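When reading the values below, keep in mind they use all heavy atoms of this one structure, side chains included, and skip hydrogens, waters and symmetry mates. Owing to the predicted nature of the structure, the values given are computational and were not obtained by experimental measurement.
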Amino acid sequence: MGSTSAENTGAENTGARGVGRRDLIKRSAALGLISVPTMSFLSACASSGGGDSGDKAKAGKKTAKNPLGVNDTAGMEFVLFDGGFGKEYAQDAVRIYEKNFPKVKVKFSATQKIQSTLQPRFNQGTPPDLIDNSGAEQMDMGVLVGKKQLADLTPLLDAPSYDDPNKKVRDTLRPGIVEMGQFDGDPVWIMYYAYTVYGVWYSQKALESLDAEYPKTWDEMLAVCEKAKKKGMAGWTYAGKYPYYIPFSLYPMIGKVGGREVLDAIDNLEPNAWKHPAVKACFDANYELYKKGYILKGTPGLDHIQSQTAWAKGKALFIPNGSWVENESANVIPKDFNLAVSAPTGIDSSDKLPFGTIWASGGEPFIVPAKAKNPEGGMEQLRIMLSEASSKNFTSKVKSLTAYNGGTSGISLTPGLTSGVAALKLAGQNVLNPRLQDWYVQLQKEQIGVAGLGEMMAGRATPAETIKKIQGFADAAAKDTSIKHYKHQ
């Protein structure tokens, strides 16, 4: 989803069934290989009771160089998701923090097991000051927000930016980043650091070897897959063990075919939202890939790394993924691969939105816990990371954009990143941002992903059966009074 989200968001930023690109995102990336707890367990993780956070760090003096009033002698703890983006970019930013506050030593750690590592600390009221909440063990954002476990990041957003004191941090961010961190009203609970382009990833070299162009209609998609099949290459593969990767191309396809209001209705858990004709058309189309034998054999048993490796080795032409894939698969993608990403193929000319309609949004969700001992320190670390220099460092090292609106000048962009920027330019205003993976993690991953789409794409359920099952999951979530519900405003 993150990041990678095998997520999530990622990465995401970014394995197991259940609750992350990078996921994510995204979300958030290389993910923890353990089963993820159910919502009830996550609710316990985010329960508002349990322990005293101890003495909070006393606020420091606010100055031009210290606009958040960070205590320059108080320790700061930063826990990063150890996924596809690696940890070097964060460690570089930590060094800047320590240089700016020379009396402070930051306690930095990285793990793939975010939820199981931090759940006890949330219960005890002793969470870290900054967390990259990504990966397969991502803590449920909706639960954390609903249980008031997160600090409002508005002070960070309203602080002067790191590079220009005349600009607020919020004014340096890409469109949609602030809104993504909101759930109800004005408070911003999450800072999505990576900017992820989701879609269909492929080798331009492989496509050209088939004397083909990227397909814009589904008939063209089937024709390209048939060409690939005749040359011994599967049309598609995906993370079969984590089939919540499938929506990275499926959701924007639904939005292209039926309009963004269809995705909004799904996010809002509206009755019969999954029974919209656009959903049926897109499910039928993707199921046809299975029926015609265009899915790489054995895909349902592959994790994200195995499926990406098979794809990189030319065993399959297309894979649904996020922009973290370039960094995560760097050791297996051939130098002449010519990595590219495209918005999803539509059905035909009757689609509501034009070809190029894509899903792009923040990934790698960073949070500051409400009971953090040094929340100002956690926010200041984010302010540093949202500088032009840190953004460029991230982009050059991990081949992904950041939430900072810029940071690419003077950098030699990789093929995947170049393609992602071009895809965003083609999309224009037709950039979609489904919110299920942020608002209802268990529904998105365990139910829609694993129990729904995973079964359908493995041929164990028909599209009609899958739609009925997923609508049932959504209806149950809508009626569940134990979880907080969110709606597009």
Side-chain angles (χ1 to χ4, degrees), residues 197-240 243 245-258 277-300 302 307-308 310-321 325 334 336-359 415-416 419 422-423 426-427 430 453 456-459 462-463 466:
V197 177
Y198 300 97
V200 181
W201 294 77
Y202 60 97
S203 161
Q204 183 64 40
K205 177 186 177 184
L207 196 59
E208 290 172 356
S209 75
L210 299 173
D211 193 25
E213 295 182 350
Y214 185 85
K216 295 182 179 180
T217 69
W218 205 252
D219 283 344
E220 292 173 357
M221 170 59 75
L222 296 177
V224 170
C225 288
E226 183 62 27
K227 276 188 172 184
K229 186 177 181 180
K230 287 179 179 177
K231 288 205 170 185
M233 174 188 284
W236 284 70
T237 189
Y238 57 89
Y245 273 57
I246 295 169
F248 296 155
S249 61
L250 178 59
Y251 284 179
M253 182 183 184
I254 291 171
K256 171 178 166 35
V257 173
V279 177
K280 182 180 185 304
C282 294
F283 275 45
D284 285 344
N286 279 266
Y287 186 66
E288 202 168 2
L289 298 174
Y290 161 76
K291 292 286 285 185
K292 292 184 178 294
Y294 296 151
I295 304 288
L296 178 67
K297 187 176 180 181
T299 287
L302 302 180
S307 60
Q308 289 165 191
W311 159 77
K313 290 183 176 180
K315 294 181 180 180
L317 184 57
F318 299 121
I319 190 168
N321 222 308
V325 71
D336 62 349
F337 194 75
N338 201 358
L339 178 64
V341 62
S342 177
T345 302
I347 299 296
D348 54 35
S349 60
S350 68
D351 294 352
K352 291 286 182 67
L353 296 176
F355 176 75
T357 298
I358 203 165
W359 178 3
S419 181
L426 176 63
N430 297 307
L453 298 174
M456 183 183 83
M457 294 306 292
T462 66
T466 304

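- Taken from CH2 in Trp311 to CG in Asn321, the straight-line distance is 7.0 Å, to the nearest 0.5 Å.
- Heavy atoms from other residues, nucleotides or ligands lying under 6.0 Å from OH of Tyr214 number more than 12.
- Contact record, Ile358 with Ala427: CG2-CB, 3.7 Å, taken as the closest heavy-atom pair.
- Here the straight-line distance linking atom CD of Glu288 with atom SG of Cys225 works out to 10.0 Å at 0.5 Å rounding.
- Judged by distance alone, the side chains of Ser350 and Asp348 do bring a donor and an acceptor atom under 3.5 Å apart.
- Among the candidates Tyr251, Trp359, Tyr245, the single residue satisfying the ring-ring contact (aromatic ring centres under 6.0 Å, His included) test with Tyr198 is Trp359.
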Can you list the steps and then say if Leu207 with Val224 is a side-chain contact (heavy atoms from CB on, under 4.5 Å)?
-> CA-CA 9 Å; Leu207 196 59; Val224 170; 4.1 Å; yes
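- Counting heavy atoms from C-beta on, the side chains of Ser419 and Trp201 never come closer than 4.5 Å.
- Atoms CG and CG, from Leu296 and Leu317 in turn, are 11.5 Å apart once rounded to the nearest 0.5 Å.
- You'll find the side chain of Trp236 reaches within 4.5 Å of the side chain of Val200, heavy atoms only.
- Closest approach of Lys292 and Lys229 over heavy atoms only: O-NZ, 3.1 Å.
- Contact of the Leu302 side chain with the Gln308 side chain is not registered, since no non-hydrogen atoms from C-beta on lie closer than 4.5 Å.
- For the atom pair CG of Asn338 and OG of Ser203, the computed distance is 6.5 Å after rounding to the nearest 0.5 Å.
- Sparse packing is recorded around CG of Asp211, with 12 or fewer heavy atoms of other residues, nucleotides or ligands lying under 6.0 Å away.
- Atom CG of Leu289 is separated from atom CZ of Phe318 by 10.0 Å, given to the nearest 0.5 angstrom.
- The two residues Pro247 and Pro252 make their nearest non-hydrogen contact at O-CD, 3.4 Å.
- Here the closest heavy-atom approach between residue Met233 and residue Gly314 is recorded as CE-O, 3.2 Å.
- Expressed to the nearest 0.5 Å, how far CD1 of Ile246 lies from CE of Met457 amounts to 5.5 Å.
- Here the closest non-hydrogen pair linking Ser342 and Phe355 is OG-CZ, 3.5 Å.
- When each of Asn430, Thr357, Thr345, Asp351 is paired with Lys256, the side-chain hydrogen bond (donor to acceptor under 3.5 Å, both in side chains) condition holds for Asp351 and for no other.
- Counted by atom type alone, Glu226 and Tyr294 present one or more donor-acceptor pairs between their side chains at under 3.5 Å.
- Considering all non-hydrogen atoms of both residues, Trp218 and Ala285 come closest at NE1-O, 3.1 Å.
- Proximity of Ser307 to Thr299: side-chain heavy atoms (C-beta onward) are nowhere separated by under 4.5 Å.
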